[in-house]
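Worksheet: the structure to be examined is printed underneath.
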Amino acid sequence: MQIDDTALPGVMILTPRRFSDARGWFMESWNRETLRARGIDLDFVQDNHSLSLEPGTVRGLHYQRPPHAQAKLVRVVAGRILDVAVDARKGSPTYGRWVGVELSAANGRQLLVPVGFLHGFVTREPDTQVAYKCTDVYAPDCDGSVAWDDPDLAVDWGLGADAAVLSDKDRAAPRFADWDSPFAWDGRE
Ligand SMILES: Cc1cn([C@H]2C[C@H](O)[C@@H](COP(=O)(O)OP(=O)(O)O[C@H]3O[C@H](C)C(=O)[C@H](O)[C@H]3O)O2)c(=O)[nH]c1=O
């Protein structure tokens, strides 16, 4: 398992080892003990899986507020995405900053998105399937979103003039400046 930091402390890129042979390859996509040994001790309780038909599909920027806030471990099982995390922790030195990492079925990379970060992705190929582990269960009353195209966050989705494929919920999400984050920085990472 290769673990790389990103510009946002706590948001990490995990790349499991692939064992290749004449048949193809095998990997452990997630192993609690492997991550615990590297200081990442997360108790995942729900797996999610989505299919996005069109390239340019944006799902985000999403979060669940406490008491059902979620950390996520995101990977791509078919296709390719730009996966984005935004620091939404009040008081954080990197509050409002974002990172984007290309995850694909080919590169096998995963993104660890801690509690306190908004999450979203844009697909870069047709029929992209994203699977991700969550540390809390779905709680619709705690589900929320911030505008994917917020001018202050200025996430570069790489869409150019192409129109994003969006859900009605994401089309109507509030601006970051008009949103009262439920997350606070704990002064550590
Ligand atoms: C998230 C979720 C949704 N649903 C149901 C609710 C809706 O009827 C349907 C589609 O939900 P939604 O449009 O919120 O799905 P996405 O736009 O892919 O949202 C997800 O996309 C971004 C990238 C995330 O990080 C979150 O996990 C999540 O917000 O699935 C469930 O039954 N359980 C769930 O955990």
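Counting convention: from 1, in listed order, for ligands and their atoms alike. This is a predicted model, so every value here is computed, not measured.
Contact annotation for atom 9 (C) of ligand 1: protein absent (non-hydrogen atoms, distance under 4.0 Å). Within a 4.0 Å radius of atom 6 (C) of ligand 1, the protein has at least one heavy atom. Under the 4.0 Å distance rule, the nearest protein heavy atom to atom 16 (P) of ligand 1 falls inside the cut-off.
Under a 4.0 Å criterion applied to the non-hydrogen atoms of Phe121, ligand 1 contributes the atoms 23 (C).
Any N or O atom pair closer than 3.5 Å counts here, and Lys169 shares at least one such pair with ligand 1. The shortest N or O to N or O distance between Arg59 and ligand 1 is under 3.5 Å. On a distance-only criterion, Gln46 and ligand 1 share at least one N/O pair closer than 3.5 Å. At least one N/O-N/O distance between Lys72 and ligand 1 falls below 3.5 Å.
Remark: the Arg59 side chain and the Ser52 side chain contain an N/O donor-acceptor pair separated by less than 3.5 Å.
Using a cut-off of 4.0 Å between Lys/Arg side-chain N and Asp/Glu carboxylate O, Arg97 and Asp87 are scored as not salt-bridged. With salt bridges taken as basic N to acidic carboxylate O contacts below 4.0 Å, one links Lys169 and Asp143. Of the charged side-chain nitrogens involved, none lies within less than 4.0 Å of a carboxylate oxygen, so that Asp149 and Arg175 do not count as a salt-bridged pair.
Taking 4.0 Å as the cut-off, Gln64 does not count as a neighbour of ligand 1 on heavy-atom distance. Contact analysis puts Tyr132 in contact with ligand 1, with a non-hydrogen atom separation below 4.0 angstrom.
At least one donor-acceptor pair closer than 3.5 Å links the side chain of Arg38 to the backbone N or O of Met1.
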(message) Would Phe19 and Trp25 count as a ring-ring contact (aromatic ring centres under 6.0 Å, His included) here? Give the steps.
(response) CA-CA 5 Å; Phe19 298 88; Trp25 51 259; over 10 Å; no

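Tyr95 and Trp185 have their aromatic ring centers separated by at least 6.0 angstrom. In this structure, Phe176 has its ring center no closer than 6.0 Å to that of Trp98.
In this structure, the protein non-hydrogen atom closest to atom 29 (O) of ligand 1 is His62 ND1, 2.6 Å.
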